[in-house]
Amino acid sequence: MDMEIKENLNMVETRIRDACSSCGRAADEVKLIAVSKTKPVSALEEAYDYGCRDFGENKVQELVDKYEVMPKDIRWHMIGHLQRNKVKYIVDKVFLIHSVDSLRLAQEIEKEAAKKDINVNILVEVNVAGEESKFGTTAGEAVSLVEQIAKLPHVRVRGLMTIAPYVEDPEENRRYFAKLKQIYVDIIHKNIDNVFMEELSMGMTGDYEVAITEGATYVRVGTGIFGEREYALI
Ligand SMILES: *Cc1c(COP(=O)(O)O)cnc(C)c1O
């Protein structure tokens, strides 16, 4: 048994609660997603035993493989870039897709969801920091993308997601989290039919406390729970 995962989870939950109380938010306003990409099923089981029910994966095949063997009460979050030809494998398995950044991808989700007669919950990913290397719609185009996706009957926009830059000092990302919150509020004020602005998915191991003080409702923590990831060099 890897006790470290449980200790880490306990630590992360404590820090989430402290961040909430530091800005007057209720602790249950922030949900923790255990980002388990690259980690073996045994590590996920450890987190599950501790009480985690929200897991984040960034690759379709890995998500499906883990979905097959893990308990069915898990809420799976697709947090990585999603190719249109792979949508069909996950639409009926994921609780929330965080990474919708184009109308074409949303249309593909609509098509597969309609076939299965389900509604699919999504977040629109916004590249708030404007980093070249990142996916996501631009801050300027986010509102109109949400308006277009709202017309798709089997797709439910639940909020926004961003991946902030990797920085040494998490305070540097505060402005990006604040900006995502601003776009979120702008969209709420537009009262768009079929749009339910409830979730702000922002903050990772290095900066989740700052994200919480700027309004995050989901934080996505991998390294802080499971330790460093090792990527094969091929
Ligand atoms: C890997 C990943 C995370 C978790 O990153 P850590 O720094 O390990 O906490 C969060 N969000 C996304 C989209 C990721 O790909």
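We count residues from 1, following the sequence as given. In each ligand, atom 1 is the first atom listed, and ligand 1 is the first ligand listed.
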Is there a donor-acceptor pair closer than 3.5 Å between any side-chain N or O of N173 and the backbone N or O of P170?
no
Determine yes or no for a side-chain-to-main-chain donor-acceptor pair under 3.5 angstrom, with R158 supplying the side chain and M197 the backbone.
no
Please check if the number of heavy atoms outside D73 that lie under 6.0 Å from its CG is greater than 12.
yes
Taking the six-membered ring for Trp, are F135 and H81 parallel (under 30°), tilted (30 to 60°) or perpendicular (over 60°)?
parallel
Checking heavy atoms under 4.0 Å, the part of H98 that sits near ligand 1 is neither
Identify, by atom number and element, the atoms of ligand 1 in contact range of [X], meaning under 4.0 Å from any of its heavy atoms.
{"X": "I163", "answer": "13 (C)"}
{"X": "T223", "answer": "6 (P), 7 (O), 8 (O), 9 (O)"}
{"X": "V221", "answer": "9 (O)"}
{"X": "K37", "answer": "1 (C), 2 (C), 3 (C), 14 (C), 15 (O)"}

When the aromatic ring centroids of F55 and H77 are compared, is their separation below 6.0 Å?
no
Any idea which protein heavy atom is nearest atom 5 (O) of ligand 1, and the distance to it?
M204 CE, 3.4 Å
Atom 9 (O) of ligand 1 - nearest protein heavy atom and its distance
T205 OG1, 2.4 Å
N/O of G222 under 3.5 Å from N/O of ligand 1, yes or no?
yes
Between ligand 1 and R220, is the shortest N or O to N or O distance under 3.5 Å?
yes
Closest heavy-atom contact between F177 and A211?
CD1-CA, 3.6 Å
Determine, using heavy atoms of R229 and all atoms of ligand 1, whether some pair is separated by less than 4.0 Å.
yes
Which residue from I225, I33, I79 reaches closest to atom 12 (C) of ligand 1 through any of its heavy atoms?
I79
Candidate pair V124 and I149, rule side chain to side chain contact (heavy atoms under 4.5 Å, CB included), full reasoning:
CA-CA 9 Å; V124 168; I149 296 175; 3.9 Å; yes
Strictly below 4.0 Å, N to O, side chains only: are E112 and K88 in salt-bridge contact?
no
